[in-house]
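Each remark here refers to the structure printed beneath this line.
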Amino acid sequence: MNQRPSKQWGLWLVLGVALLVALCASLLVGPVALGDLFAGDDGATARLILWQIRLPRALLGLLVGATLGLSGAALQGYLRNPLAEPGLIGVSSSAALGAVIVLYYGLAGSFGLAQPLGGIAGALVGVLVVQLLAGRNGGTLSLILAGVAVSALAAALTSLALVLSPNPWATLEIVFWMMGSLTDRSMDHVALSAPFMAVGWVLLLSLYRPLEALTLGEDAARSLGYRMERVRWRLILGTALCVGAATAVTGVIGFVGLIVPHLLRRFVQHRPGALLPASALGGAIMLLLADVLVRLVTPAQELKLGVMTALLGAPFFLWLIFSLRRRLA
């Protein structure tokens with residue numbers, strides 16, 4: 001079942017070139033003309049825009065996209081469910097709730113990094129509750145049910161914060177933030193979130209061999225020496241760290257963790273372990289290109305990135321439905 005080296009190297013080459021193109025497009029596309037970025041009367045200002053505004057935005061798009069793609073592939077491989085994504089175990093909604101609590105009490109105004117820190121704390125608390133509810137020896141169904149329960153509770157508390165907010169401007173800020181965006185992010189946000197994402201990536205990528213073994217079933221994986229309790233802990237903690245950090249600094253961005261593994265699965269011969277690094281690269285490419293589209297479609301007032309990914313994701317699932325119907329006909 002191993003992929004032929006020529007096909008494998010071809011996939012990495014295509015993904016690497018596409019990522020480089022998407023990163024360059026994210027750095028160069030914007031309201032400032034391309035020529036003014038390096039020369040002209042406004043050259044100094046344009047270079048300042050490039051390094052202080054566009055570079056942090058591009059780096060954050062790359063990191064967050066890779067996080068969402070990688071975590072989506074890991075969850076789909078572990079749960080053996082092609083519709084699994086980070087929101088399924090309550091990570092995204094818990095991180096959003098933590099950041100909303102910071103906005104609700106006005107802590108973001110006194111401390112600039114309070115909002116991302118609140119989001120990371122919310123994600124960690126959320127996955128801890130999920131693990132306690134699922135139980136030490138609970139199966140995948142217990143994990144899914146616990147995640148749905150925590151996700152519903154976090155969404156309800158977030159809605160409650162919106163309803164009870166005494167300040168309409170705070171309510172508007174919460175609503176806009178929850179739509180997801182890379183706008184107005186700085187290198188401080190990159191520096192804060194990147195270490196958490198890196199640790200999460202290491203934990204999720206360490207699941208390469210266990211996920212390959214899980215294709216034979218849990219009993220077979222245990223017979224090969226893999227302890228499913230430890231595998232689940234690595235999955236949950238890794239997802240909490242990287243997705244929690246991503247949601248904390250960008251808001252809720254959906255569909256990336258769902259779409260990217262679907263698009264790349266056939267190119268790795270449906271191997272869940274090999275899909276992990278491919279989905280990380282694919283997620284970074286998708287999010288960077290979606291952010292470029294946000295700037296091109298409505299340059300006067302940018303769409304929120306979460307809205308753009310949803311607009312891209314809905315037609316994909318319609319295509320998935322029709323292709324499934326054709327196969328079953």
Side-chain angles (χ1 to χ4, degrees), residues 1-12 15 66-91 123-124 127-148 150 196-244 257-283:
M1 294 292 292
N2 287 333
Q3 229 177 343
R4 285 187 294 178
S6 59
K7 288 187 176 181
Q8 195 172 30
W9 282 109
L11 175 64
W12 303 130
L15 291 176
T67 288
L68 296 177
L70 174 60
S71 58
L75 285 167
Q76 289 179 17
Y78 177 80
L79 300 174
R80 283 160 286 174
N81 184 344
L83 296 180
E85 53 94 25
L88 188 65
I89 60 172
V91 176
L124 292 174
V127 295
L128 179 61
V129 173
V130 167
Q131 181 68 357
L132 291 175
L133 290 175
R136 181 179 179 180
N137 298 317
T140 56
L141 181 59
S142 299
L143 181 65
I144 292 173
L145 291 175
V148 170
V150 170
F196 291 96
M197 293 187 201
V199 174
W201 293 350
V202 171
L203 289 172
L204 292 179
L205 289 172
S206 71
L207 300 176
Y208 185 102
R209 294 189 181 277
L211 291 183
E212 296 276 304
L214 268 174
T215 58
L216 304 174
E218 288 193 14
D219 292 336
R222 287 193 178 93
S223 69
L224 291 172
Y226 297 108
R227 298 181 61 179
M228 290 298 101
E229 304 82 24
R230 292 186 178 180
V231 171
R232 188 172 72 173
W233 263 111
R234 276 187 279 169
L235 174 76
I236 292 177
L237 185 58
T239 304
L241 287 172
C242 60
V243 177
L258 273 173
I259 295 174
V260 172
H262 273 289
L263 293 175
L264 297 176
R265 185 170 285 113
R266 63 175 178 168
F267 296 106
V268 296
Q269 297 182 343
H270 299 269
R271 293 171 52 204
L275 187 61
L276 295 177
S279 293
L281 292 174

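Since the structure is predicted, the reported quantities are computational estimates derived from the model, not experimental observations.
- The closest donor-acceptor contact from the side chain of Glu85 to the backbone of Gly87 lies under 3.5 Å.
- The two residues Ala146 and Leu133 come nearest to each other via the heavy atoms CB-CB, 3.7 Å.
- Put simply, CG on Leu275 and OH on Tyr208 are 10.5 Å apart, with the number rounded to the nearest 0.5 Å.
- In this structure, Met228 and Arg222 have side chains that are in contact, with non-hydrogen atoms separated by less than 4.5 Å.
- Between Pro210 and Val231, the shortest heavy-atom distance links the atoms CB-CG2, 3.9 Å.
- Proximity of Gln76 to Arg265: side-chain heavy atoms (C-beta onward) are separated by under 4.5 Å at one or more points.
- Pairing each heavy atom of Pro261 with each of Ala73, the nearest pair is CG-N, 3.7 Å.
- Arg232 is not listed as a side-chain neighbour of Thr140, based on a closest heavy-atom distance of 4.5 Å or more.
- Here the side chains of Leu237 and Val127 are not in contact, with every heavy-atom distance at 4.5 Å or above.
- Atom CD1 of Ile236 sits about 12.0 Å away from atom CG of Leu124, to the nearest 0.5 Å.
- With hydrogens and angles ignored, the 3.5 Å screen pairs a side-chain donor or acceptor of Thr215 with a backbone N or O of Glu212.
- Leu203 is not listed as a side-chain neighbour of Leu235, based on a closest heavy-atom distance of 4.5 Å or more.
- The closest side-chain heavy-atom distance from Leu281 to Trp12 is below 4.5 Å.
- Annotation for Tyr226 and Arg209: closest pair OH-CB, 3.3 Å, computed over non-hydrogen atoms.
- Annotation: the span from Ile144 atom CD1 to Ile89 atom CD1 amounts to 10.0 Å, rounded to 0.5 Å.
- A salt bridge links Arg80 with Glu218: at least one charged nitrogen is closer than 4.0 Å to a carboxylate oxygen.
- Taking all atoms of both residues into account, the shortest heavy-atom contact from Pro82 to Leu258 is O-CD2, 4.1 Å.
- Closest approach of Leu204 to Cys242, counting heavy atoms only: CD1-SG, 3.8 Å.
- Taking 4.5 Å as the limit, every side-chain heavy atom of Tyr78 sits out of range of all side-chain heavy atoms of Leu207.
- The backbone N or O of Leu276 lies less than 3.5 Å from no partner atom in the side chain of Ser279, so there is not a single donor-acceptor pair.
- Within the model, atoms CG of Leu141 and CG of Leu79 stand 10.0 Å from one another, a figure rounded to the nearest 0.5 Å.
- The CE atom of Met197 sits 5.0 Å away from atom OG1 of Thr67, with the distance rounded to the nearest 0.5 Å.
- Put simply, CG on Asn81 and CG on Leu75 are 10.0 Å apart, with the number rounded to the nearest 0.5 Å.
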